[in-house]
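What follows is one structure encoded as structure tokens, with my remarks underneath.
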2 protein chains.
Amino acid sequence: MRDSNTDLRVIRTKESIREALVELIDEKGFEAITVKDITTRAKINRGTFYAHYQDKFDLMTKCEDEIMLEMSRIAKQNFPSIIAALETNSPTSTPFSIAVLIFVYLNENSGFMKAVLGPKGDLSFQTRLKDFMWKTMFGNEPNAILKENSLLVPGQYLASYVASAHIGVIQQWLDNGRKESPQEMARILSTITVNGPFFAAGLKK
Amino acid sequence: MRDSNTDLRVIRTKESIREALVELIDEKGFEAITVKDITTRAKINRGTFYAHYQDKFDLMTKCEDEIMLEMSRIAKQNFPSIIAALETNSPTSTPFSIAVLIFVYLNENSGFMKAVLGPKGDLSFQTRLKDFMWKTMFGNEPNAILKENSLLVPGQYLASYVASAHIGVIQQWLDNGRKESPQEMARILSTITVNGPFFAAGLKK
DNA sequence: TCGGATGTGTTGGTTACGGAACACTTTTTT
DNA sequence: AAAAAAGTGTTCCGTAACCAACACATCCGA
């Protein structure tokens, strides 16, 4: 058996399906979509769909998984956690540079992300994404830095706050047509995150 | 042998190839494109390309043919010639309504048309398109109306003038990002054509 | 409440496409 | 001018995707 993950037919088929999914979520919302809608739009046989996915929920989950896996790969490859980056203050890999990579990735997948985070999207995805960001930023275990900073606010609330805030910024950016570059967005987001919202708004010296 | 023209694989493959062609013409111009470029971009095997086309010139010609065939179908289905429409003054099918259909079609194929009419496109296509418009508008033979109107300007120059002018308007529209609707463009174009440029510009009562 | 229409999964036989390799020709580099 | 690299056009074999058809599940208007 040759590697079916590099077979151009498989790659193109999956791309078509995902594109169709994004378009249809935008048009009628996830709930209203049928498998037939997807295959007609994607111009593939319905049987082919079932060769890859069990049903539309399975498709949704797998698309989400891919997105998060890829984001995770980008983040981990460049630094185990943002907190760790804060510790070392390394010039080559900072929260900023990680954020750039994430935004570049989001930018390339903006169709899917917008559809899935939008009003007609899948609510459960937001939860999963927050979870993912939590782990990416702080690792699976609350680490030392997090504990030190948790005198006023318990660590998990801090993480939730930051993760939700980030998603809010991302949603705003996607809805606004992505006028800022990934670099600019990374700067904005890391400015808020590192210095705090009031500082970033210029209300605090 | 099943009908290979309705096989979804064939349809998707050809679409991918054409999309890739359009992108690459935009990026580097037709001359610089290799077959390998196209197949890589389209995510198909190079062998598959040769199953459908002899080489990149054959591809180009066949894309052009399809566009013109389709435009021709639209025009002829709705009226044998614009001149004939002018004669009858029919309310259901006028030069305007034909032009709307053409612009709707151009709008849907704007990627290809823009690439092919643009500075990096295939020069021979402009000639073919003018030729096509000539025949669409005036038929294969100079007709009575055309002769009547050719006291000051010989008919073939009039036709060339109008065809070239139309292409100019189309290019301008495509380059400008198609801000006007097909309906609006049809109104503009038929206003100029029927009443003359100076009248349309408001310089002539 | 029934019947036609639409969607769901699944199957078996058929075909278009992909991968890999081939001998050549053309371009680019040195 | 020779060597290396990239592109061309073609082939053989395996397989992903195709079509058609199926039994069954919903749904909706007569």
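Quick note: numbers below take in every heavy atom, side chains included, and nothing from hydrogens, waters or symmetry partners. Order of the sequence lines sets the chain letters (A, B, ...), proteins ahead of strands, with each chain counted from 1.
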Just to be sure I understand the rule, does B:Lys14 reach a base, reach only the sugar-phosphate, or reach nothing, if contact means heavy atoms closer than 4.0 Å? nothing
Whole angstrom value for the distance that separates P of C:dA16 from CG of B:Asn5: 11 Å
Parsed dot-bracket for DNA chain C after applying the Watson-Crick and G-U rules with both distances under 3.5 Å and | for other-strand partners is ||||||||.||||||||||||.||||||||
Separation of C:dG9 atom P from A:Tyr53 atom OH, nearest Å, is 16 Å
Rounded to whole Å, how long is the line connecting atom CD1 of A:Ile11 with atom P of D:dA17? 10 Å
Working to the nearest 0.5 Å, report the span between CG of B:Asn45 and CZ of A:Arg9. 9.5 Å
Rounded to the nearest 0.5 Å, how far does CD of A:Glu27 lie from CD1 of A:Ile33? 8.5 Å
Please report, rounded to the nearest Å, how far the P atom of C:dG9 is from the CG atom of A:Asp58. 11 Å
Can you measure from NZ (A:Lys62) to CG (A:Asp58) and round to the nearest 0.5 angstrom? 3.5 Å
Sub-3.5 Å donor-acceptor pair from the side chain of A:Asp26 to the main-chain atoms of A:Glu23, do we have one? no
How far apart are the closest heavy atoms of B:Phe30 and B:Lys56, and which atoms are they? O-NZ, 2.9 Å
Dump the intermediate steps for side chain to side chain contact (heavy atoms under 4.5 Å, CB included) on B:Tyr50 and B:Val35, then the final yes or no. CA-CA 9 Å; B:Tyr50 290 109; B:Val35 172; 3.7 Å; yes
Separation of C:dA16 atom P from A:Asp7 atom CG, nearest Å, is 17 Å
Main chain of A:Ser16, side chain of A:Lys43: is a donor-acceptor contact present, judged purely on distance under 3.5 Å? no
OG1 of A:Thr34 to CG of A:Asp55, rounded to nearest 0.5 Å, is 12.5 Å
Examine D:dA17: is either OP1 or OP2 under 4.0 Å from a nitrogen or oxygen in the side chain of A:His52? Give yes or no. yes
Checking all strands, does B:Thr6 fall into the base, sugar-phosphate, or nothing category for heavy-atom contacts under 4.0 angstrom? sugar-phosphate
How many whole angstroms separate atom CG of B:Leu8 from atom P of C:dA16? 13 Å
Output a table of nitrogen or oxygen pairs between the protein and nucleotides 6-10 of chain D separated by less than 3.5 Å.
{"from": "D:dT8", "atom 1": "OP1", "to": "B:Val35", "atom 2": "N", "distance (Å)": "3.2"}
{"from": "D:dT8", "atom 1": "OP2", "to": "B:Val35", "atom 2": "N", "distance (Å)": "3.3"}
{"from": "D:dT8", "atom 1": "OP2", "to": "B:Lys36", "atom 2": "N", "distance (Å)": "3.2"}
{"from": "D:dG9", "atom 1": "OP2", "to": "B:Tyr50", "atom 2": "OH", "distance (Å)": "3.2"}
{"from": "D:dG9", "atom 1": "N7", "to": "B:Arg46", "atom 2": "NH1", "distance (Å)": "2.7"}
{"from": "D:dG9", "atom 1": "O6", "to": "B:Arg46", "atom 2": "NH2", "distance (Å)": "3.1"}

Rounding to 0.5 Å, atoms CD1 (B:Ile38) and NZ (B:Lys36) come to a distance of 12.5 Å
Quick one: does B:Arg9 reach the base of D:dA17 with a side-chain donor-acceptor pair under 3.5 Å? yes
